[in-house]
Every structure is written in structure tokens, then in C-alpha cells.
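Presented below is the structure to which this report refers.
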Amino acid sequence: MRFVYYVLTIGVIFSCTPEKEKITAPIEEIPEKASFISSLASDSANLWWARTLVDVDGDGILDVALHDNNGYGGWLGYLKGRIDGELWETVIVAMESPNGKKFAAGDLDAGDIDGDGDNDLIGVEHPGEWEDAEADAVLFWYEQSENGWITHNVGSIPSALKDISLSDLNGDGLPEIITVTYNAETLTIFNRDKDKLDFKKIWETKLDNLHEGMDVGDVNGDGAVDIAANGYLLVNQGGDLTSWETQVIDSMWFNQEEDHWARNATKHVCKDVDGDGQAEVFISHSEKTSYPVARYDLNADGSWNKQILLDSIPAAHSLVVADMDLDGSDDVLTGVNRSRAINIMEELALELDLKDFPVYLLRNTGDQWKTEIINSQGVYNLLAGDLEGDGDIDLIRLSTHDGNDMHVLVNQLR
């Protein structure tokens with residue numbers, strides 16, 4: 001068992017690519033603001049793509065719920081969070097689905113699905129994206145009870161699950177489950193009645209080149225939760241959730257037609273960062289380079305204001321919006337997926353010896369975004385939350401999609 005403990009310092013970004021493939025950003029160092037202590041939470045990560053932060057066991061410390069081996073299928077469980085710097089304990093919830101099959105997905109969410117005060121889990125039955133991405137995925141939710149975990153049905157989607165969100169879309173106090181598929185261009189909504197435990201599929205749509213990247217929030221400020229996915233906005237029309245108006249935020253996030261698995265792969269976050277009652281939409285490209293990190297604000301006339309936060313970053317497979325310095329303004333975290341960045345350089349035939357894979361903190365000062373680096377070893381599907389309940393935001397970092405080490409970065413503000 002290994003134990004790693006060190007204070008992160010501001011790093012140096014890599015800037016040795018030709019100008020046309022530039023993947024750097026201007027840096028303004030604010031070392032007194034970048035204060036994280038990192039420790040190793042696990043040294044046995046195995047394609048842990050589907051993860052989410054949630055207090056599973058009710059001890060007041062966030063855990064990491066996950067599917068193991070999402071490339072080829074594995075178990076459903078969680079890592080029990082701790083704040084003493086030791087490795088986190090692995091707790092297996094289910095080795096296989098009720099159908100006797102493995103779990104695998106590209107994303108995960110969890111929460112109090114039945115409203116009884118404890119957090120429940122979602123299990124996605126699938127053979128794994130690398131094994132058979134086109135296979136249908138079957139979703140279940142796992143109810144936490146005094147007698148263990150009780151499994152309930154959600155439904156199926158056509159191909160591997162790439163994104164999932166739990167959100168109350170109709171205001172009835174119960175969360176709906178929203179999913180995006182890997183290669184079936186399909187977005188699906190499931191809900192359940194108050195007197196029933198099983199979900200049902202209530203709406204499904206196909207959008208051109210829908211592939212990866214989805215979040216939810218009230219984007220138009222009408223009080224209803226909307227869905228942003230792959231550069232599209234689906235506006236909630238209320239009622240029984242079977243009517244949604246589709247708008248285009250920016251076609252650059254879904255107009256890639258080349259025959260390459262990395263096309264139209266994005267990350268989305270919806271968050272009201274300016275307090276106007278409307279969630280802004282933040283988007284990055286998770287698998288390619290020469291794409292920006294961008295913020296979109298919806299205007300009253302239906303047009304969009306676009307602000308570039310970083311002009312170009314490769315494989316930005318992490319996008320988080322949170323108040324990292326507790327100044328009352330939400331900041332943005334993003335960064336480079338190490339293995340994919342190396343792969344991109346190989347695809348472009350660039351002879352580079354990359355050593356730095358920056359994790360960026362874009363600090364919101366109100367009138368500009370100040371860029372600093374909090375780590376130079378890469379990041380994949382970064383998780384953010386108040387781990388120990390002290391009021392500041394901590395981070396969970398994998399350096400890459402195929403890495404074995406998962407680190408917890410504890411914010412030192414409190």
C-alpha cells in the first residue's frame with residue numbers, strides 16, 4: 001500500500017507545438033490562491049470513467065461512487081471517503097446486474113432518488129465501450145435500505161451511456177434520469193410516479209451528431225430546468241416532459257463529420273455565474289485539440305454571447321464550475337487528459353516530448369478570467385465537492401482515462 005503526500009505548486013504548461021496547433025494559455029500566477037494538499041486515494045483505478053461524488057454511507061464525508069473497468073465491464077460500488085491521507089476502502093455494491101451482466105458507462109450520477117434521506121446509486125448494465133459500444137445499455141437504480149441494496153428498473157437506451165444526470169425536470173420533487181448515448185445520437189428521459197419505484201421512459205429524441213457532453217440547468221430563466229447537450233439547448237416546455245424546443249447554442253460542437261471516434265466529444269456545465277437567474281453554458285472538447293473552453297450567455301432575443309476562456313486546449317475531458325477561492329464568484333477548472341494528449345500528438349505526427357499536462361484554474365475576478373495551473377500531471381473527469389464539509393471545494397483527480405492512481409486534492413482555504 002502506497003502513501004503519497006505533497007503540496008501542489010504552480011507548474012509550467014507545455015508550449016512546444018507549432019503555432020497552428022498551439023495548446024497553451026496565458027498564465028497569471030497567483031500562488032497564494034492555489035493551495036491544495038494532495039494524497040493518494042487509490043492505486044488500483046481500472047478504467048474508472050464513470051464516477052461521481054456522493055455521501056453513500058451517511059458519515060458526512062463524500063465518497064466516490066463508480067463503475068469499475070468501463071472499457072470492458074465490471075462491478076458497481078464506491079470508494080469510502082476519508083480525510084486522513086490513507087487509501088480509500090473499496091466497497092462493492094454489486095458484481096453484476098440483476099440480469100447477470102457487467103456494469104459500464106462513460107458517466108455516472110447518484111442521489112436521493114426515493115426521497116427517504118439517504119443516497120441511492122445507479123447501475124448501468126453494459127459490456128463496455130471498448131468491448132461493444134453499440135450494445136444497448138440497461139439502467140437500474142439501487143435503493144439503499146436497512147436490509148441492503150434493493151434493485152429497481154429504469155430502462156434501456158440504444159448503445160453505451162455517455163452522459164447521465166439526475167434532475168427534477170417537472171417540479172414534482174422527484175428526480176428524472178436524463179441520458180445521452182455514445183453512438184446512437186439519442187437523448188432519453190426517464191421518470192417515475194410517486195407511488196411506484198420503477199422508472200419508465202417518457203421521452204426520447206435523436207439529434208444530429210449527438211455524442212458526448214450534457215448538463216442541465218435553467219438556461220432561459222423561466223424557472224424550468226433545461227438540457228444542454230453537444231452544443232444544443234433543449235428548452236423545457238413543462239407539462240408531462242414530452243415537449244422540448246431544440247435550439248442551437250453553437251454548431252461547432254456537433255458539426256464534425258470526419259470518420260473518427262473523437263468527433264463531437266464535449267463536456268458541458270450549466271451554472272448561473274453572474275447571478276442573473278439564467279444558467280450560462282460552458283463547453284470544452286474532450287478528445288480533440290484546437291478547440292476552446294467557451295462560455296455562452298443566452299440573450300433575450302434568443303441569440304448567444306460567446307466568451308472564450310481558453311483559446312485552445314487538447315483533450316479537455318474535465319470541466320467544472322465552482323467557487324474555488326470562496327470569493328462569491330464561480331471559477332472554472334479544466335485540464336488535459338494526459339494519455340489522449342499524447343495520442344493526439346502522435347496522430348498529428350508531431351515529434352514532441354511532452355512532460356506537462358496542465359490542470360487549469362480559471363479564476364473569475366468579475367471582469368476577467370485569470371489563468372493559473374494547479375497541477376501539471378493531467379486530469380480526466382475531474383470531480384469537485386466539499387469532501388469533509390468544511391465549506392470549501394475539494395477535488396478528485398485521475399491524470400488520465402487509463403491511469404491507476406486517483407488523488408484527492410484537499411482545498412486549504414478552510
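Counting begins at 1 with the first residue of the sequence. Owing to the predicted nature of the structure, the values given are computational and were not obtained by experimental measurement.
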Testing the 3.5 Å rule here: is there a donor-acceptor pair between the side chains of [X] and [Y]?
{"X": "H285", "Y": "E212", "result": "no"}
{"X": "Q412", "Y": "S35", "result": "no"}
{"X": "W49", "Y": "N381", "result": "no"}
{"X": "N99", "Y": "S97", "result": "no"}
{"X": "D136", "Y": "S156", "result": "no"}
{"X": "N119", "Y": "D55", "result": "no"}
{"X": "N69", "Y": "K102", "result": "no"}
{"X": "D272", "Y": "Q278", "result": "no"}
{"X": "E204", "Y": "T188", "result": "yes"}
{"X": "D250", "Y": "Y296", "result": "yes"}
{"X": "S165", "Y": "D163", "result": "no"}

Strictly below 4.0 Å, N to O, side chains only: are [X] and [Y] in salt-bridge contact?
{"X": "D198", "Y": "K200", "answer": "no"}
{"X": "E372", "Y": "R363", "answer": "yes"}
{"X": "K80", "Y": "D59", "answer": "yes"}
{"X": "K288", "Y": "E258", "answer": "yes"}
{"X": "D114", "Y": "K194", "answer": "no"}
{"X": "K162", "Y": "D107", "answer": "no"}

### Task
Could you note down all residue pairs passing side-chain hydrogen bond (donor to acceptor under 3.5 Å, both in side chains) where residues 233-246 supplies at least one of them, sequence neighbours left out?
D240-T242, E245-Q247
## Note on the structure
Heavy-atom nearest pair, S339 first then D402, reads OG-OD1, 2.7 Å
#### Entry: Option among W253, Y182, Y232, W261 that satisfies the ring-ring contact (aromatic ring centres under 6.0 Å, His included) test with H211
Y182
### Message
Below 30° counts as parallel, above 60° as perpendicular, anything between as tilted: where do the rings of F199 and W141 land?
### Response
perpendicular
### Query
According to the interplanar angle, ranging from 0 to 90°, do the rings of Y380 and H317 count as parallel (below 30°), tilted (30 to 60°) or perpendicular (above 60°)?
tilted
Check whether any side-chain heavy atom of [X] sits under 4.5 Å from a side-chain heavy atom of [Y], and report yes or no.
{"X": "W369", "Y": "Q307", "value": "yes"}
{"X": "I393", "Y": "L413", "value": "no"}
{"X": "T289", "Y": "Y291", "value": "no"}

### Task
To the nearest 0.5 Å, tell me how far F190 CZ sits from E176 CD.
12.0 Å
### Message
Could you work out, with side chain to side chain contact (heavy atoms under 4.5 Å, CB included) as the rule, every residue matching R82, not counting sequence neighbours?
### Response
D84, E86, W88
### Message
Taking D323's backbone N and O only, do any of them form a donor-acceptor pair with D331's side chain (distance below 3.5 Å, no angle check)?
### Response
no
#### Entry: Worked verdict on N337 versus H401 for side chain to side chain contact (heavy atoms under 4.5 Å, CB included)
CA-CA 7 Å; N337 175 8; H401 63 276; 3.2 Å; yes
